[in-house]
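Take this structure first; my questions come after.
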Amino acid sequence: MKATAVAPGKTILVGEHFVVYGEPAVVMAIDRHVHVTVEDRVDRSLAITSDLGVTGTFIDDAYTAVKGGEGGRRVLEPIKTAAETVLTAFEEARGLTITVHSTIPPAVGLGSSGAVAVATVSAVGRLMGRDLSADDVIALSTAAETVVHRTPSGIDQAIATYGGVLVYQKAQGIIRLPTASAIPLVIGNTGIQRNTGVLVEGVRGKHDRFPEIMRVLNAAANHVSRQFIDALTRDALPQLGELMDINQGLLMAIGVSHEALDRLVYAARASGALGAKLTGAGGGGCMIALTTLDDRDRVAAALQRAGGTPIIAQKAERGVHSWIHA
Ligand code: PMV
């Protein structure tokens, strides 16, 4: 038997970094997806084939590389862990062939690893004939990611599970936000690798050295997120764009932007975007530009000229879904 699950990637619309200090962040699923297909095997191994440039087989903790060398283990370990987490939860022991195909660029803050974990959990659950609830999928995929990363907030898993738009705040948890607009974006990938932990630490240093200033910036970010949520419910796109520009100013103030991001942000604005800002951890990775549908191609061309890789994207309403192959 064979089962497939598909889960979307994500982008943070507003509130990154400030969310660490209790302010709300707004996260949107994008129409870039991870597809995971799982199939029973006669032996007990987990054989993982991917278009991430690596392929290999795990038998318990022993890894045999097929493509990508020993280093591929690090890439495939989260997929193995997600599959094992579900098998262990239901006290099943079986071998699986797992095939992963992704259109989400990895390691640039677009939720690739969260989507891989969620799709793997859903596909394995489906193959075992279990109808996992959204809460089950989030809990199992977050547990699996905790083994691999340090302490995920669970937001990437939640958005890949639910799709649409979510508001996340430490004190309140996750709230789904129904929105009418497709929210057309152009994502600009700088191609610069960054380390989320290092950037979060950098902001922590600013808090230690300038506590009064950071308190004021946090309060401003709180207002930006709240007014953004209000504008989203009214579908007021120009206002959303302006608030994204203000948010970018705050992110620059706390030191997480980057020359390459700034270049793309200004290029997007100059070519008619409604607003533009970095998304996720900053320091490289991606920026997002909000556009009208008419201006989207022009903004994408401007990002390309400014040295970025443009990705046309919009809201993915549907979260993870899975099926058994006939
Ligand atoms: O790198 P990303 O897109 O997963 O975003 C990190 C978001 C931060 O607010 C910087 C960190 C966090 O854990 O919320």
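When a ligand or atom number is given, it counts from 1 through the structure's own listing order. FYI, the numbering just counts along the sequence from 1.
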What part of Lys10 sits under 4.0 Å from ligand 1 if we count only heavy atoms: the side chain, the backbone, both or neither?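 Side chain only.
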Could you list the donor-acceptor pairs under 3.5 angstrom formed between side-chain atoms of residues 166-176 and any protein atom two or more places apart in sequence or on another chain?
| residue | atom | partner | partner atom | Å |
| --- | --- | --- | --- | --- |
| Gln169 | NE2 | Gly22 | O | 3.0 |
| Lys170 | NZ | Val20 | O | 2.8 |

Proximal atoms of ligand 1 relative to Gly109 (non-hydrogen, under 4.0 Å): 3 (O)
According to the salt bridge (charged side-chain N to carboxylate O under 4.0 Å, His left out) rule, which pairs have a member within residues 197-222, sequence neighbours left out?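 Applying salt bridge (charged side-chain N to carboxylate O under 4.0 Å, His left out) to every pair that reaches into residues 197-222, excluding sequence neighbours, yields nothing.
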If I apply the N/O under 3.5 Å rule, does Arg194 come out as touching ligand 1? yes
Salt-bridge test for Glu16 and Lys277: reply yes if a basic N is under 4.0 Å from a carboxylate O, no otherwise. yes
So is there a nitrogen or oxygen of Thr196 less than 3.5 Å from a nitrogen or oxygen in ligand 1?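 The answer is yes, given that Thr196 and ligand 1 share an N or O pair closer than 3.5 Å.
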Is it true that Ile98 and Trp323 fall in one hydrophobic cluster, defined by side-chain heavy atoms closer than 4.5 Å? no
So if I count the atoms of ligand 1 from 1 in the order they appear, which ones are less than 4.0 Å from some heavy atom of Glu16? 9 (O)
Within a reach of under 6.0 Å around CD of Glu242, are more than 12 heavy atoms found that belong to other residues, nucleotides or ligands? no
Pull out every atom of ligand 1 sitting under 4.0 Å from any heavy atom of Val19, numbered as shown with elements.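 Those atoms are 9 (O), 14 (O).
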Residues Glu39 and Arg41 bridged, charged N to O under 4.0 Å: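 Between Arg41 and Glu39 there is no salt bridge, as every charged N stays at least 4.0 Å from the carboxylate O atoms.
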Test your reading of the structure: does His17 have an N or O sitting under 3.5 Å from an N or O of ligand 1? yes
Could you see which bit of Ile12 sits under 4.0 Å from ligand 1, with heavy atoms only: side chain, backbone, both or neither? side chain
